Amino acid sequence: MAASPLSRPESGRYEPRFDAVFPADRAAISPVRRRLRRFLEADGLGHVADDVVLACSELMANAVVHGCRRFPPDTRLTVTADWNDEQVRITVHDPSDDEPRTLNPSSSRADGRGLRIISQLAKRWGVQPGTTGHGKAVWVELDVRTPDCAVDS
């Protein structure tokens, strides 16, 4: 997906709620994912936690596998999650200037489906150049849906 300007819901700005720095190692993804889930549930967003955590995991995995390919093993990445009453926004920063690209599906490969998953889950997603002149931030926005409530008749 092409770069897109940072959108802000009409109801107001996003409020920072979660951030983490993690090593460029796939083993670091699961602990961050669990922490994010706890933050979402504590703030009343348990009903969207599965989708948000899945999107975050995919962005983190892409950053580790592709965004750190030519960087030293001690490279650190950041993930932030912000939300308001309408949307959740996940952003993962990595040191690579290479834009993510969707791979053709293959039954012989276990990877390469992350951006397709993101596209299915997300209201929108995009890429922004790093603020220091290098690297990038890949972000995804998901709607915060209110859980269906049973109505007594």
Side-chain angles (χ1 to χ4, degrees), residues 1 3-9 11-103 110-132 134-149:
M1 177 174 278
S4 174
L6 181 66
S7 64
R8 296 287 183 202
S11 69
R13 299 180 61 85
Y14 290 100
E15 296 179 33
R17 307 289 178 130
F18 176 87
D19 60 73
V21 177
F22 64 100
D25 181 347
R26 283 183 167 210
I29 295 171
S30 186
V32 173
R33 184 178 61 222
R34 284 191 300 272
R35 274 188 51 219
L36 175 57
R37 177 180 293 281
R38 285 193 304 268
F39 272 75
L40 292 165
E41 290 172 350
D43 209 24
L45 294 174
H47 62 285
V48 295
D50 287 342
D51 287 350
V52 172
V53 168
L54 176 58
C56 185
S57 295
E58 293 299 333
L59 290 183
M60 291 172 65
N62 282 350
V64 168
V65 173
H66 303 291
C68 294
R69 181 177 296 149
R70 295 181 305 268
F71 292 88
D74 62 346
T75 298
R76 309 291 283 175
L77 306 170
T78 61
V79 58
T80 59
D82 308 291
W83 53 88
N84 61 22
D85 292 339
E86 297 175 22
Q87 295 176 349
V88 176
R89 182 180 180 108
I90 305 292
T91 306
V92 176
H93 302 265
D94 73 58
S96 173
D97 294 328
D98 297 339
E99 294 242 348
R101 58 188 174 88
T102 304
L103 300 175
D111 62 350
R113 294 175 180 85
L115 292 179
R116 292 184 189 284
I117 292 170
I118 294 293
S119 294
Q120 292 296 311
L121 291 174
K123 179 175 183 178
R124 73 182 133 257
W125 70 273
V127 182
Q128 293 177 282
T131 57
T132 60
H134 68 282
K136 67 181 170 301
V138 182
W139 55 268
V140 59
E141 293 176 340
L142 293 90
D143 283 335
V144 173
R145 299 175 305 276
T146 306
D148 293 334
C149 298

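As the structure is a prediction and not an experimental result, all values here were calculated from the model. If you read the sequence from its start, that first residue is 1, and numbering goes on from there.
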Item checked: Donor-acceptor under 3.5 Å (K136 side chain, D94 main chain) -> no
Next item on the list: Applying side chain to side chain contact (heavy atoms under 4.5 Å, CB included), name anything that partners T91, two or more places apart in sequence or on another chain.
Entry: T80, R89, H93, A137, W139
Margin query: Just to verify, what does D25 make a salt bridge (charged side-chain N to carboxylate O under 4.0 Å, His left out) with, not counting sequence neighbours?
Written below: none
Checklist line | Listed partners of D43 passing side chain to side chain contact (heavy atoms under 4.5 Å, CB included), at least two apart | finding: R17, W83
Next item on the list: With sequence neighbours excluded, tell me which residues meet side chain to side chain donor-acceptor pair (under 3.5 Å) with S30.
Entry: R33, R34
Note to self: Do H47 and V144 have side chains that approach each other closer than 4.5 Å (heavy atoms only, starting at C-beta)?
What the structure shows: yes
Item checked: Considering all heavy atoms, the nearest A49-L40 contact -> CA-CD1, 4.0 Å
Check: For the residue pair C56 and V79, what are the closest heavy atoms and their distance?
Finding: SG-CG2, 3.6 Å
Checklist line | Contacts of R37 that satisfy salt bridge (charged side-chain N to carboxylate O under 4.0 Å, His left out) - sequence neighbours left out | finding: E41, D50
Checklist line | Rounded distance (nearest 0.5 Å) linking atom CH2 of W125 with atom CD1 of I90 | finding: 15.0 Å
Next item on the list: State, to 0.1 Å, how close G135 and D97 come at their nearest heavy-atom pair, and which atoms those are.
Entry: N-OD1, 2.6 Å
Notebook entry, point to check: What is the distance from atom CG of L77 to atom CG of N62, rounded to the nearest 0.5 Å?
Noted result: 11.5 Å
Donor-acceptor contacts, no H, no angles, side chain residues 67-74, under 3.5 Å, sequence neighbours left out:
residue : atom : partner : partner atom : Å
R69     : NH2  : H66     : ND1          : 2.8
R70     : NH1  : D98     : OD2          : 3.2
R70     : NH2  : D98     : OD2          : 2.9

Checklist line | All side chain to side chain contact (heavy atoms under 4.5 Å, CB included) counterparts of A55, not counting sequence neighbours | finding: I118, L121, V140, L142
Checklist line | Donor-acceptor contact present, side-chain N84 to main-chain Q87, <3.5 Å | finding: yes
Notebook entry, point to check: Closest heavy-atom contact between M60 and A28?
Noted result: CE-O, 4.4 Å
Item checked: Identified side chain to side chain contact (heavy atoms under 4.5 Å, CB included) partner of F18 from the options L36, D82, V88 -> L36
Item checked: Taking every non-hydrogen atom, the tightest pair across A63 and V92 -> CB-CG1, 3.7 Å
